[in-house]
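Because the structure is a prediction, the values reported are computed rather than measured. Naming convention: chains lettered A, B, ... in sequence-line order (proteins, then strands); numbering from 1 in each chain.
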There are 2 protein chains.
Amino acid sequence: MLSNACKYAIRALIYLATRMNDGVKVSIRELSAEIDSPEPFTAKIMQSLSKQEIISSVKGPHGGFYIDEKQAEIRLIEIVKAIDGTQVLTGCGLGLKNCSETHPCPIHSEFSAIRDGFSHLLNEKTIQELAIELIAGHSKVKN
Amino acid sequence: MLSNACKYAIRALIYLATRMNDGVKVSIRELSAEIDSPEPFTAKIMQSLSKQEIISSVKGPHGGFYIDEKQAEIRLIEIVKAIDGTQVLTGCGLGLKNCSETHPCPIHSEFSAIRDGFSHLLNEKTIQELAIELIAGHSKVKN
DNA sequence: AGAATAAAAGACATGTTTATCTTAATTTAT
DNA sequence: ATAAATTAAGATAAACATGTCTTTTATTCT
Ligand code: FES
Ligand code: FES
């Protein structure tokens, strides 16, 4: 469904949001430990998101990654678009070049409904609200 | 969602089902042309399905691939299991090692519902019923 | 029997994703 | 200023998926 990179990214951002108000930046080492992800690979992903201004970072001692209030309000779909693109949101379930009502594959009507349901989920959820659930202990981002 | 190999396989099997009763086997050349897929790669996939007895084949002149009445009754989920395995049916949407109610990721409840909806679709649809729709011109397996 | 046809099998090649390593740049603290 | 910490960037590597090519085997037709 989503690439590993994208899954790590979402978990990382939700975790960062839980640390938003403690005034401490999170190092890549701590972050990857907290979400059970490979450290250098996660670093690459964070760098890309930082360049796209989806997260913030500062170098040097006591530096690290963090997100601000504005960034905590983004929805999952923005992260997915930034990393995996839109194919997962619009592509045909059986790999036809274009998905459309006028040239439907054999499972078009059922699949497009499911795919649109997934899009809706990504569209609704903000990082912040998922972080609140994580803080409350109702969910996990670590194995 | 599904691998390319699996998408080609499903399209190929639905096409084969439309040719079930004409008594002619379908060569890999014709098959890949009819479903717009790379010929040698499709051959590999068909070989694997043939070995797993999901389709049938005969070598030699007038040989090719075909499916019999029994094989036309299989459901999409059998093809998916044969090629991609069960991860797409049971895996966590955010990549946690195990998906469960007791250790849920932040989108577990919504995602598992969507994933189960997809499983349900794969579980319901038989090759044969999708072939009937294809014959009627209500769907396409070619771009 | 021999020739032709077509799948089966296995080796090979390419591309993409995932992952790691090394060096550079930046910031902070002393 | 200097040293230490930490991200940024780029090169490299490993794994996997995708795609192709070549040889072998089985079948059919003449
Ligand atoms: S055409 Fe296949 S999902 Fe729409
Ligand atoms: S734990 Fe992530 S989908 Fe169930």
Side-chain angles (χ1 to χ4, degrees), chain A residues 1-13 16 19 23-33 35-67 80 82-85 87-88 91 94-95 97, chain B residues 1-13 16 19 23-33 35-67 80 82-85 87-88 91 94-95 97:
Chain A
M1 195 79 115
L2 301 175
S3 67
N4 283 352
C6 194
K7 292 172 183 172
Y8 293 148
I10 292 173
R11 278 154 55 191
L13 264 62
L16 285 183
R19 300 285 299 273
V24 175
K25 283 125 201 145
V26 181
S27 74
I28 187 64
R29 178 166 321 174
E30 182 183 0
L31 177 58
S32 59
I35 67 169
D36 263 319
S37 69
E39 192 177 310
F41 188 41
T42 309
K44 278 280 173 234
I45 298 162
M46 293 298 110
Q47 282 166 28
S48 168
L49 292 174
S50 181
K51 193 156 25 174
Q52 296 180 68
E53 297 186 332
I54 289 173
I55 62 176
S56 305
S57 69
V58 294
K59 297 179 181 180
H62 303 269
F65 296 98
Y66 65 100
I67 61 181
V80 173
I83 296 179
D84 285 351
Q87 185 63 20
V88 70
L94 292 185
K97 285 237 173 63
Chain B
M1 194 78 115
L2 302 175
S3 67
N4 284 352
C6 195
K7 292 171 183 172
Y8 293 148
I10 292 173
R11 277 153 58 190
L13 264 62
L16 284 183
R19 300 284 300 272
V24 176
K25 283 125 203 145
V26 181
S27 74
I28 188 64
R29 177 165 323 173
E30 181 183 359
L31 177 58
S32 60
I35 67 170
D36 262 320
S37 68
E39 192 176 311
F41 188 41
T42 309
K44 278 281 176 235
I45 299 162
M46 292 298 110
Q47 281 167 28
S48 167
L49 292 174
S50 180
K51 193 155 30 172
Q52 296 180 67
E53 298 187 329
I54 289 173
I55 61 175
S56 305
S57 68
V58 294
K59 295 179 182 181
H62 302 270
F65 297 98
Y66 66 98
I67 62 179
V80 172
I83 295 179
D84 285 351
Q87 185 63 19
V88 69
L94 293 185
K97 284 238 174 60

When you measure from the side-chain N and O atoms of B:Y8 to the phosphate of D:dT18, is any distance below 4.0 Å, counting only OP1 and OP2?
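So the side chain of B:Y8 is outside the cut-off, no N or O lying under 4.0 Å from OP1 or OP2 of D:dT18.
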Phosphate-side-chain proximity, B:S57 and C:dA8, N/O vs OP1/OP2 below 4.0 Å
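Indeed, a polar side-chain atom of B:S57 lies that close.
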Between the side chain of B:S50 and the main-chain N/O of B:M46, is any donor-acceptor distance below 3.5 Å?
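Checking the backbone N and O of B:M46 against the side chain of B:S50, no donor-acceptor pair under 3.5 Å is found.
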Nearest 0.5 Å, please: how far is OG in A:S56 from OH in A:Y66?
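Between A:Y66 OH and A:S56 OG, I get 4.5 Å after rounding to 0.5 Å.
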Any chance you could measure A:L16, atom CG, to A:F65, atom CZ, to the nearest 0.5 Å?
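Spacing of CG (A:L16) from CZ (A:F65) equals 8.5 Å.
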Can you measure [X] atom [atom1] to [N] atom [atom2] for me and round it to whole angstrom units?
{"X": "A:E39", "N": "D:dA8", "atom1": "CD", "atom2": "P", "result": "14 Å"}
{"X": "B:M46", "N": "D:dT20", "atom1": "CE", "atom2": "C1'", "result": "17 Å"}
{"X": "B:F41", "N": "C:dA8", "atom1": "CZ", "atom2": "P", "result": "16 Å"}
{"X": "B:K51", "N": "C:dG10", "atom1": "NZ", "atom2": "P", "result": "7 Å"}
{"X": "B:K59", "N": "C:dA4", "atom1": "NZ", "atom2": "C1'", "result": "15 Å"}
{"X": "A:I67", "N": "D:dT7", "atom1": "CD1", "atom2": "C1'", "result": "18 Å"}
{"X": "B:I28", "N": "D:dG19", "atom1": "CD1", "atom2": "C1'", "result": "13 Å"}
{"X": "B:Q47", "N": "C:dA9", "atom1": "CD", "atom2": "P", "result": "6 Å"}

Quick one: does A:I83's side chain get under 4.5 Å of A:S3's, heavy atoms only?
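Of all side-chain heavy-atom pairs linking A:S3 with A:I83, at least one is under 4.5 Å.
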Reckon A:P40 touches a base, only the sugar-phosphate, or nothing at all at heavy-atom distances under 4.0 Å?
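It contacts base atoms.
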From D:dT27, C:dA8, C:dT20, pick the nucleotide closest to the side chain of B:P61?
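My answer, after comparing the listed nucleotides, is D:dT27.
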For B:G64 and B:K44, find the nucleotide of DNA chain C closest to each by heavy atoms; which residue's nucleotide sits nearer the 5' end?
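First, find each residue's nearest nucleotide; the 5'-ward one identifies B:G64.
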